[in-house]
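Quick note: numbers below take in every heavy atom, side chains included, and nothing from hydrogens, waters or symmetry partners. In each ligand, atom 1 is the first atom listed, and ligand 1 is the first ligand listed.
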Amino acid sequence: MSEKIAIQLIINDEPHRFEIDPRVTLLDALREHLQLTGTKKGCDQGQCGACTVHLDGKRVLSCLTLAAQAEGGHVTTIEGLAEKEGTLHPVQACFLANDAFQCGYCTPGQIMSAVSCIKEGHAGSDAEIREYMSGNICRCGAYPHIVEAVKQAAAQMSGEST
Ligand code: FES
Ligand code: FES
């Protein structure tokens with residue numbers, strides 16, 4: 001048995017300290033140690049995107065990130081995206097308004113990815129959105145609605161930031 005290591009992370013703006021086996025992924029640390037179950041495991045091999053979170057402001061696949069690699073970092077999960085008082089992030093609101101999900105299992109990863117896609121400046125056209133959201137698989141086939149949602153959210157967010 002390997003020895004546990006101490007990890008410190010800022011998750012959704014709150015500091016967390018915990019001890020885990022060094023083999024534990026960020027995904028399992030979130031889900032099984034911190035009970036943040038919004039981040040999903042669709043494959044655990046980097047192929048589906050259901051586990052997408054933000055690490056230090058960038059989208060990452062938490063199944064391919066060891067919790068130890070994230071040491072000292074800032075992690076944002078789907079649970080931390082809305083405002084503290086509950087106002088949805090524009091991407092969340094646009095996913096709802098456009099029915100951009102069915103079962104909801106890929107949705108947290110889709111939304112975290114979409115926030116980054118917009119921030120990276122990759123929401124300029126339908127084709128660009130499709131390309132830069134292609135790391136997130138949806139077996140329910142919500143893709144056309146996801147593109148609409150991302151487009152609308154991008155428009156709203158560009159209005160907000162200027
Ligand atoms: S669970 Fe991480 S990419 Fe599928
Ligand atoms: S909404 Fe079901 S997998 Fe995407």
Donor-acceptor pair between E79 and N12 side chains, under 3.5 angstrom: no

Do we see a donor-acceptor contact under 3.5 Å between the side chains of E85 and T87? yes

Just jot down the ligand 2 atoms closer than 4.0 angstrom to any heavy atom of G104, in number order. 1 (S), 2 (Fe)

M112-L36 co-clustered via ILVMFWY side chain contacts under 4.5 Å: no

What angle, in degrees and rounded to 10°, do you get at atom 2 (Fe) of ligand 1 when you join it to SG of C63 and to SG of C51? 100°

Compute the angle centred on atom 4 (Fe) of ligand 1 spanning SG of C43 and SG of C48, and express it rounded to 10 degrees. 110°

Can you tell me if D28 uses its side chain to pair, donor with acceptor, with the backbone of V24 under 3.5 Å? no

Start with the C-alpha gap between V150 and Y132, add the side-chain angles, then the distance that decides, and say whether side chain to side chain contact (heavy atoms under 4.5 Å, CB included) holds. CA-CA 11 Å; V150 175; Y132 283 87; over 6 Å; no

Among all protein heavy atoms, pick out the one at the shortest distance from atom 1 (S) of ligand 1; state its residue, atom name and that distance to 0.1 Å. D44 N, 3.2 Å

Pick one of side chain, backbone, both or neither for how A142 approaches ligand 2, counting any non-hydrogen atom pair under 4.0 Å. neither

Is atom 2 (Fe) of ligand 2 less than 2.8 Å from at least one N/O/S atom of C140? yes

So if I count the atoms of ligand 1 from 1 in the order they appear, which ones are less than 4.0 Å from some heavy atom of Q47? 3 (S)

Determine, step by step, whether K58 and E120 satisfy the salt bridge (charged side-chain N to carboxylate O under 4.0 Å, His left out) criterion, reporting the C-alpha distance in whole Å, the side-chain angles of both residues, the deciding distance to 0.1 Å, and the verdict. CA-CA 9 Å; K58 298 211 170 93; E120 293 160 9; over 6 Å; no

For C106, counting its heavy atoms only, list the atoms of ligand 2 lying under 4.0 Å from any of them. 1 (S), 3 (S), 4 (Fe)

Tell me whether L66 shares a hydrophobic cluster with I7, the cluster being built from Ile, Leu, Val, Met, Phe, Trp, Tyr side chains joined at under 4.5 Å. no

Pull out every atom of ligand 1 sitting under 4.0 Å from any heavy atom of G46, numbered as shown with elements. 3 (S)

re atom 3 (S) of ligand 1, the protein heavy-atom contact at minimum distance is G49 N, 3.2 Å

Going by the atom numbers of ligand 1, which of them fall below 4.0 Å from some non-hydrogen atom of G42? 1 (S)

Ionic contact status for D44 with K41, cut-off 4.0 Å: yes

Taking only non-hydrogen atoms of R139 and a 4.0 Å limit, the atoms of ligand 2 in range are 3 (S)

For the backbone of G49 and the side chain of N136, can you confirm whether one donor and one acceptor N or O come within less than 3.5 Å of each other? yes

Find all atoms of ligand 2 within a distance of less than 4.0 Å from any non-hydrogen atom belonging to Q102, and give their numbers and elements. 1 (S)

Give the numbers and elements of all ligand 2 atoms closer than 4.0 Å to a heavy atom of C103. 1 (S), 2 (Fe), 3 (S)

